[in-house]
Amino acid sequence: MWGRVRRAGDRVAHALRTEPKTDGDRRPHNLFEAAASYVTACAEDDQERAEEAAGWVSPEALSFGVNELACRAVIALARERGRSPEAVARELLGLPTG
């Protein structure tokens, strides 16, 4: 049974890693590296770098990684500010904290 679980996990991991890094490293990019590079490039208004990072993984994997990064960032800011994650998210988006 554990062999099946391990093989399924290997397939998922392989699906999330698509393209080898360009710096000569043979290890492929993973969705979190792609998400971090993509979000950083977007924040710095670097369209070329954002497009490159978006090509490292599937659109679904990138979306998942960006969502995970957003959740972790909001939680970290909420802890730092001593506020709720909802209040911080609304503040970052310029919404009323209602």
Side-chain angles (χ1 to χ4, degrees):
M1 180 173 126
W2 290 113
R4 284 178 158 173
V5 172
R6 188 178 9 255
R7 283 192 300 276
D10 289 343
R11 284 193 302 271
V12 169
H14 179 69
L16 296 176
R17 297 178 181 200
T18 57
E19 185 176 305
K21 289 184 176 182
T22 58
D23 63 1
D25 190 356
R26 289 291 187 211
R27 188 177 59 83
H29 294 283
N30 70 39
L31 68 103
F32 297 116
E33 289 172 322
S37 293
Y38 178 80
V39 169
T40 302
C42 289
E44 295 172 350
D45 199 28
D46 186 342
Q47 186 63 32
E48 185 177 318
R49 203 172 67 180
E51 289 174 5
E52 178 186 349
W56 293 345
V57 295
S58 72
E60 296 83 9
L62 182 63
S63 177
F64 176 81
V66 169
N67 182 64
E68 186 66 23
L69 177 59
C71 290
R72 291 179 188 196
V74 167
I75 290 168
L77 284 172
R79 286 181 182 152
E80 184 179 290
R81 296 177 182 183
R83 303 191 62 204
S84 73
E86 182 178 4
V88 170
R90 295 183 69 81
E91 179 184 322
L92 288 170
L93 292 171
L95 301 171
T97 56

Indicate the atoms forming the closest heavy-atom contact of [X] with [Y], along with that distance.
X     : Y     : answer
Val88 : Val74 : CG1-O, 4.2 Å
Ala35 : Leu69 : O-CD2, 4.0 Å
Cys42 : Ala50 : SG-CB, 4.1 Å

State the CD-NE2 distance between Glu52 and His29, to the nearest 0.5 angstrom.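 Those atoms lie 7.0 Å apart.
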
Working to the nearest 0.5 Å, report the span between CD of Glu80 and CD1 of Ile75.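 That separation rounds to 14.0 Å.
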
If Ile, Leu, Val, Met, Phe, Trp and Tyr residues are connected whenever their side-chain heavy atoms lie under 4.5 Å apart, and connections chain through other members, are Leu77 and Val39 in the same group?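 They do not share one cluster, since no chain of ILVMFWY contacts under 4.5 Å joins Leu77 to Val39.
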
Has [X] got more than 12 heavy atoms of other residues, nucleotides or ligands less than 6.0 Å from its [atom1]?
X     : atom1 : answer
Glu68 : CD    : yes
Arg81 : CZ    : yes
Glu48 : CD    : no

Using the rule given for side chain to side chain contact (heavy atoms under 4.5 Å, CB included), can you reason through Thr40 versus Arg49, listing the C-alpha separation, both sets of side-chain angles and the distance that settles it, and then say yes or no? CA-CA 9 Å; Thr40 302; Arg49 203 172 67 180; 3.3 Å; yes

If we ignore hydrogens and angles and just use 3.5 Å, is the side chain of Ser63 paired with the main-chain N or O of Pro59 as donor and acceptor?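 It does not hold such a pair.
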
